[in-house]
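Each remark here refers to the structure printed beneath this line.
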Amino acid sequence: MLDDTALARLRELDPDGSLGVVGRVLETFRMALGRDLDRLKQARDAGDLKTVGEVAHKVKSSSASVGALELSTLCAEIERRVRVGDTADIAPRVQALLAEAQRAQLAVAAALGT
């Protein structure tokens with residue numbers, strides 16, 4: 001689920017693992033993603049597409065950095081659609097993002113051994 005190349009780039013920051021960089025980055029991602037998903041759901045429920053786009057932008061970058069590439073791709077699509085005003089069918093895309101985010105959370109938990 002998490003891209004090996006992205007994880008390898010993180011490991012390069014702490015080659016012997018003594019600083020725990022990978023674990024700290026993954027844990028930070030997991031915590032931030034939980035908050036971002038709450039914000040996304042609230043924005044979706046309120047019809048606040050501007051905030052939906054902002055959250056998608058934020059999650060796009062952070063998910064790519066930990067190797068959750070499918071999540072990043074979904075976020076990029078939603079961000080683009082909101083930006084250009086192509087939001088008629090945004091609800092199923094947001095739902096797909098939420099489902100993929102749950103898979104990413106499980107993959108991060110597995111990588112952390114929790």
**Q.** Beyond-backbone contact of V108 with L112, side-chain heavy atoms, under 4.5 angstrom
**A.** yes
Q: Search all heavy atoms of L26 against all heavy atoms of A111 and return the closest pair with its distance.
A: CD1-CB, 3.8 Å
Q. When rounded to the nearest 0.5 angstrom, what is the spacing between CG in L2 and CZ in F29?
A. 8.0 Å
(Q) Quick check: closest heavy atoms across L49 and V82, and the distance to 0.1 Å? (A) O-CG1, 3.3 Å
**Q.** Pairwise distance CG(L69) to OG(S63) - rounded to 0.5 angstrom
**A.** 8.0 Å
Q) Does S18 offer a backbone N or O that forms a donor-acceptor pair with the side chain of D14 under 3.5 Å? A) yes
Q. Looking only at heavy atoms, what is the nearest atom pair of A56 and C75, with distance?
A. O-CB, 3.2 Å
Q: Report yes if the side chains of L106 and M1 come closer than 4.5 Å at any heavy-atom pair, otherwise no.
A: no
Q. Taking side chain as C-beta onward, heavy atoms only, is Q95 less than 4.5 Å from R44?
A. yes
(Q) When you group the ILVMFWY residues by side-chain heavy-atom contacts below 4.5 Å and let the links chain together, are V25 and M31 in the same group? (A) no
**Q.** Test item: R30 and L33 side chains (from C-beta on) under 4.5 Å apart, heavy atoms
**A.** no
Q | Heavy-atom pair with the smallest gap, counting every atom of R81 and I90 | A | CB-CD1, 4.0 Å
Q | Flag, side chain of S72 to backbone of A68, donor-acceptor distance under 3.5 Å | A | no
**Q.** Hphob cluster co-occupancy, L98 + I78, side-chain heavy atoms under 4.5 angstrom
**A.** yes
Q: Would you kindly say whether R9 and S65 are connected by a side-chain donor-acceptor distance under 3.5 Å?
A: no
Q) Should R93 and D89 count as an ion pair when the cut-off is N to O under 4.0 Å? A) yes
**Q.** Student check: side-chain heavy atoms of R103 and E70 closer than 4.5 Å
**A.** no
Q. Would you say the side-chain atoms of R24 pair up with the backbone N or O of L19, donor to acceptor, closer than 3.5 Å?
A. yes
Q) With a 4.5 Å limit on heavy-atom distance, are the side chains of L37 and Q105 in contact? A) yes
Q: Apply the test side-chain contact (heavy atoms from CB on, under 4.5 Å) to residues E54 and R39: give CA-CA distance (whole Å), side-chain angles for both, the deciding distance (0.1 Å), then the verdict.
A: CA-CA 10 Å; E54 290 170 358; R39 186 172 171 225; 3.1 Å; yes
Q | Whether S61 side chain and K58 backbone form a donor-acceptor pair below 3.5 Å | A | no
Q) Got a second to check how far Q102's CD is from E100's CD, nearest 0.5 Å? A) 10.0 Å
(Q) For L71 versus A104, what's the shortest heavy-atom pair and its separation? (A) CD2-CB, 4.0 Å
Q) Side-chain contact, heavy-atom cut-off 4.5 Å: R80 with H57? A) no
Q) Which heavy atom in L40 sits nearest to a heavy atom in L97, and how many Å separate them? A) CD2-CD2, 3.5 Å
